[in-house]
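Here is the structure we will look at, set down as structure tokens.
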Amino acid sequence: MRHMDEASSDQGGRTAGLNPGQRAAVEHRGGPVLVLAGAGTGKTRVITHRVASLLDEGIPPWRILAVTFTNRAAGEMRERIEGLCEADHNTREIWVGTFHSICARILRQHGTPVGLSNRFSIYDSADQQSVMRKVLEGLNVSPKMYTPRGVLGILDKAKNRGYGPEDLEKLDLQDPVLSIARKAYEAYQARLRAADAADFGDLLLQAVRLLRAARKTSTQGQLGDLDPVARLLTRFDHVVVDEFQDTNPIQAELVDLLSSDAELCVVGDDDQAIYGWRGADVDQILLFGDRHRGTEIVKLEQNYRSTTHILSCADAVIRKNRGRLGKTLWSELGPGEPVRVLMLRDERDEARLVANEARAAIDEGVDPPSIAIFYRTHAQSRVIEDELRRAGISCRIVGGVAFYERLEVKDVLSYLSVLLNPHSDVHLARVVNRPARKIGNTTVTRLANRATEEGVSLWTAMANPEAAGLAAAAVRRIREFVAMIGELQAFVDEVPLPDLLAEVVERTGYAAALAVEESDESHARLENLQELSGNLIEFTEERPEAKLSDYLELVSLVGGERSEGDKERAVTMMTVHSAKGLEFERVYLTGMEERVFPHSRVLDDPVQMEEERRLAYVAVTRAKRHLTLTMCQRRMLYGQTQVGSPSRFVLDLPAEATDQVGRAVTRSPRVASPRQAPVRKGPAWQNDIVYDESPDAPFTDEELGDAVEEGEGVHLFIGMHLRHKAWGEGELVGWHGSGRSLKLQIKFPGRGLKTVVASFVQPV
DNA sequence: TAGGGTAAGTTTTTT
DNA sequence: ACTTACCCTA
């Protein structure tokens with residue numbers, strides 16, 4: 001394929017090897033195009049070829065904008081464009097990015113009118129919550145009725161539609177909530193402004209505000225050409241938007257503004273709309289033609305990715321939705337092997353099955369990165385990760401409890417944020433007493449109150465600690481802290497980033513505090529900081545010119561990805577949402593049970609259920625040749641074992657395209673629990689399924705042997721007697737965790753069952 | 001003030 | 001199950 005592309009580019013054409021629909025989408029000029037592209041029909045190919053051919057026609061690269069939803073997709077698009085025509089054009093000047101990264105870029109340069117400096121901080125949802133918590137405390141409302149999460153949900157909804165506090169009544173809210181939400185919205189924004197910070201919603205909303213204002217003045221003929229923001233309105237000749245079905249109203253407005261003077265090409269698939277909960281509206285795609293006169297619509301239905309068995313499964317799932325535009329995918333790749341459906345005993349066995357199969361495939365020479373494991377929610381990933389490790393397989397986990405979310409990593413990154421923008425209260429408050437330097441709650445609260453009174457940031461208040469009425473000792477400590485930050489700030493943009501990190505870890509005493517602790521946990525934390533350092537070195541090598549602000553932006557917008565083992569030889573684990581837009585030779589779709597996928601929260605909402613079905617469709621259509629669906633008879637969920645029944649999506653699959661196998665899997669060694677939960681029989685799934693229902697006999701001695709753990713030189717075993725300072729002597733009935741976080745369940749006569757940290761008891 | 005223990009809430013999905 | 005939030009004590 002690549003060869004063909006190169007050959008055609010020599011001839012100046014970009015359409016050789018494209019089918020007629022793809023060619024139409026690539027070549028259409030003179031008006032808006034809407035490309036309805038089914039899964040695997042060559043969407044990215046169309047976009048990249050279109051961009052390449054625009055460049056060939058002499059459009060300057062900086063007059064082209066390509067927008068995607070995820071950074072992963074943006075990276076891939078840039079790479080493929082470069083692959084097509086790096087030799088001929090300066091592809092680096094093309095604007096390629098996610099909605100959020102493009103807005104961040106605009107705001108860094110032009111954000112002053114909306115109160116953002118070029119070094120503003122981006123707040124993630126934890127940051128948002130801590131700001132909102134303070135706002136709600138200030139408003140004196142019932143913390144039960146108005147949780148930070150809940151109110152932020154309202155704000156998010158508003159921002160997704162482009163509403164400020166004054167527009168809040170356009171959401172249908174009843175009055176006590178409406179007026180409180182409005183007050184909270186205003187106070188929240190005031191705090192963000194004082195902190196020189198923007199949350200995800202603000203990135204879009206504030207950028208759109210700037211552009212709205214610029215358009216107003218430029219249509220009034222004032223200063224139009226002088227205003228750099230107004231120039232953005234007419235900067236682009238061509239705008240391309242990927243995954244248009246997942247656009248929310250504010251994003252659509254942004255697209256309209258930036259394409260005021262441009263030809264617009266949007267690509268999407270209504271069957272893959274999976275972000276309704278984020279304010280995306282499938283109708284955007286249906287309305288596109290109305291909003292943009294003379295829209296040419298191109299449908300792409302030939303799938304180049306999957307075998308027909310996989311496609312017929314996908315079709316069987318999506319066919320049950322109503323209100324589709326309606327496409328039927330076809331493929332010339334032949335039937336391939338049937339889609340496998342496996343019923344396992346529990347999530348442990350499910351994970352083990354996947355790990356074992358992956359192991360076998362890799363041993364046969366399959367390239368690990370061509371294998372992917374999907375799940376509906378992150379919570380399902382842990383067991384699979386464990387089993388992969390046990391099988392000696394490296395894995396890459398996209399998203400989830402990200403690396404950057406870890407306590408020590410967040411601390412150090414907060415230090416870095418503070419160096420760049422000390423007014424960011426959330427970050428400053430996080431690190432002021434970390435490691436412990438005797439600046440406690442009382443001190444910080446006094447300073448924070450002072451700051452709120454004055455309407456300034458915490459940092460500003462720290463410049464004058466006496467004014468907050470602090471004791472002499474506290475004043476001195478604050479002064480020392482401020483001075484230390486000042487010293488560190490001098491390094492910013494003066495020394496290489498990895499060195500800056502090293503200075504921070506040293507001078508703040510962070511490393512020393514961890515080193516002194518000498519526990520398993522502190523060692524792990526130090527290791528994580530090492531990993532962060534490695535991460536930063538890698539980043540610096542890739543982008544030598546990058547500054548601290550670039551790194552922090554990457555961290556906050558790209559989010560985490562955790563790797564275990566060799567990155568190059570790793571299988572990928574991710575949620576189905578993250579899998580959108582990707583494809584893999586071999587896919588395992590796990591947890592195909594009712595209440596898991598579809599998720600329990602959507603069971604009684606037909607609209608959300610349709611979205612869930614689209615999500616299943618997305619999952620199935622990621623696979624090129626091998627697709628395996630797994631489900632469990634029972635699963636530990638929310639701390640309790642639940643009996644699972646097969647997902648309705650599994651039951652929809654056509655028998656002729658699937659191979660449904662019941663499968664017995666040996667019991668994995670596990671820690672004995674005092675009482676086995678009574679196991680009910682899994683529901684007979686389909687009549688022709690036979691699975692080995694090994695009776696849940698009590699654990700044998702051998703199995704119990706596995707359940708004995710070393711703890712600090714002591715052999716723990718069920719039934720042993722232990723002494724606790726306060727509770728006296730008791731009998732060990734179980735435990736969980738290990739090392740420092742080893743918790744023991746002990747039955748104390750007359751006191752009942754207690755869970756205690758292992759270091760608090762002694763063997764008798 | 002810090003550290004530990006207990007109670008309570010929490011989980012859908014992402015930028 | 002697991003994490004965070006608050007309360008209590010040293």
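What you are looking at is a predicted structure, and each value in this text was computed from that prediction instead of being measured. Order of the sequence lines sets the chain letters (A, B, ...), proteins ahead of strands, with each chain counted from 1.
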Considering residues at least two apart in sequence or located in another chain, which fulfil the side chain to side chain donor-acceptor pair (under 3.5 Å) criterion with A/Tyr551? none
When you check the gap from the basic side-chain N to the acidic O, do A/Arg614 and A/Glu611 get nearer than 4.0 Å? yes
Check the phosphate of B/dT14 against A/His378, side-chain N and O only, distance under 4.0 Å to OP1 or OP2. Yes or no? yes
Taking only residues two or more places apart in sequence, or in another chain, which ones meet A/Tyr185 in a ring pair (Phe, Tyr, Trp, His ring centres under 6.0 Å)? none
Using only side-chain N and O atoms of A/Ser125, determine if any of them is under 4.0 Å from OP1 or OP2 of B/dT14. no
Has A/Asn433 got a side-chain atom pairing as donor or acceptor with A/Ala436's backbone, closer than 3.5 angstrom? no
Which of residues 273-283 of chain A sit near DNA chain B, with a heavy atom under 4.0 Å from it? A/Tyr275, A/Trp277, A/Arg278
Assign A/Gln608 to base, sugar-phosphate, or nothing according to its heavy-atom contacts below 4.0 angstrom with the strands shown. base
Taking only side-chain nitrogens and oxygens of A/Arg133, does any of them come within less than 4.0 Å of OP1 or OP2 of C/dA5? yes
Same-atom distance (C1') from C/dT4 to B/dT13, integer angstrom: 22 Å
Give me the ring orientation class for A/Phe69 and A/Tyr275: parallel if the planes are under 30° apart, tilted from 30 to 60°, perpendicular past 60°. parallel
Check every strand shown and say whether A/Ser101 touches a base, only sugar-phosphate, or nothing at a heavy-atom separation below 4.0 Å. nothing
Round to a whole Å and report the spacing from CG of A/Leu615 to C1' of B/dT14. 12 Å
So, is the end of the A/Arg108 side chain (NZ or CZ) under 6.0 Å from the ring centre of A/Phe120 and within 45° of the ring's axis? yes
Separation of B/dT15 atom P from A/Asp246 atom CG, nearest Å, is 12 Å
Which nucleotide, B/dT14, C/dA1, B/dT15, lies nearest any side-chain atom of A/His577? B/dT14
Distance test, side-chain N/O of A/Arg149 to OP1/OP2 of B/dT11, below 4.0 Å: yes
Lys/Arg N to Asp/Glu carboxylate O, A/Lys159 vs A/Asp156, below 4.0 Å: no
Compare side-chain N and O positions of A/Thr443 against OP1 and OP2 of B/dT1 and report whether any pair is under 4.0 Å apart. yes
Please report, rounded to the nearest Å, how far the C1' atom of B/dT15 is from the CG atom of A/Leu557. 7 Å
Looking across every strand, which nucleic acid part, if any, lies under 4.0 Å from A/Asn433 by heavy atom: base, sugar-phosphate, or nothing? sugar-phosphate
Which is true for A/Arg477 with a 4.0 Å heavy-atom rule: it touches a base, it touches only sugar-phosphate, or it touches nothing? nothing
Taking B/dT13, B/dT14, B/dT11 as options, the one with an atom nearest any side-chain atom of A/Thr377 is B/dT13
Judged by modelled atom types alone, do A/Thr98 and A/Ser101 share a side-chain donor-acceptor pair under 3.5 Å? yes
Rounded to whole Å, CD of A/Gln129 lies from C1' of B/dT10 at a distance of 11 Å
Rounded to the nearest Å, what distance is computed from the CZ atom of residue A/Phe200 to the P atom of nucleotide B/dT14? 12 Å
Nearest-Å distance for atom pair CD/P, residues A/Glu137 and C/dA5: 11 Å
Spacing between A/Arg635 atom CZ and C/dA1 atom C1', to the nearest angstrom: 14 Å
For A/Glu243 and B/dT15, give me the distance from atom CD to atom C1', rounded to whole Å. 14 Å
Looking for any heavy atom pair under 4.0 Å, which part of the strands does A/Phe69 touch: base, sugar-phosphate only, or nothing? sugar-phosphate
Among B/dA2, B/dT11, B/dT15, the one nearest any side-chain atom of A/Thr98 is B/dT15
Considering just the side-chain nitrogens and oxygens of A/Thr70, establish if one lies under 4.0 Å of OP1 or OP2 belonging to B/dT14. no
